[in-house]
Amino acid sequence: MKAWQCIGCGKLDGPAQCIGICQDRKVELVYASEVAAVQANLAEVAAERNAYRALLRRLASTTPRHGQFERAFRTFQDEALRATRARGVER
């Protein structure tokens, strides 16, 4: 719904033809820009979750060769750190 908002009190007024039977009801509204910001954040979080799931799947299904456990572990650790840093999360 498109509406007009008072810059002073915040009152909202939308286009409507009153036929004399109207009743006012309390509603909760949010700005479309706030919804868009939340949706963008959710998309980022979903991408991050998918990246971590993929890494975890690889970690769970990998069996290092004899004597290579530490090397494999360091490889996974480096990949996880790169993914975390790419998303702005500090250690």
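By convention here, the first residue in the shown sequence is residue 1. What you see below is based on every heavy atom in this structure, not just the backbone, and it leaves out hydrogens, waters and symmetry mates. Remember, predicted model here, so these are calculated numbers, not experimental data.
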Could you grab the distance from atom [atom1] of [X] to atom [atom2] of [Y], nearest 0.5 Å is fine?
X   : Y   : atom1 : atom2 : value
E70 : Q77 : CD    : CD    : 9.5 Å
F69 : T62 : CZ    : OG1   : 11.5 Å
Q39 : N41 : CD    : CG    : 11.0 Å
R49 : L56 : CZ    : CG    : 13.0 Å
Y52 : R57 : OH    : CZ    : 15.0 Å

For [X] and [Y], which heavy atoms make the closest approach, and how far apart are they?
X   : Y   : result
A3  : G14 : CB-CA, 4.0 Å
V30 : E34 : CB-OE1, 4.0 Å
C9  : C6  : N-SG, 3.4 Å

Quick check on L42: does its CG atom have over 12 non-hydrogen neighbours (other residues, nucleotides or ligands) under 6.0 Å away? yes

Donor-acceptor pair, distance only, cut-off 3.5 Å: does the side chain of N50 make one with the backbone of A46? yes

*asked:* Please determine whether residues L59 and L55 belong to a single hydrophobic cluster, defined as Ile, Leu, Val, Met, Phe, Trp and Tyr linked transitively by side-chain heavy-atom distances below 4.5 Å.
replied: yes

Could you tell me if the side chain of Q5 sits less than 4.5 Å from the side chain of Y31, heavy atoms only? yes

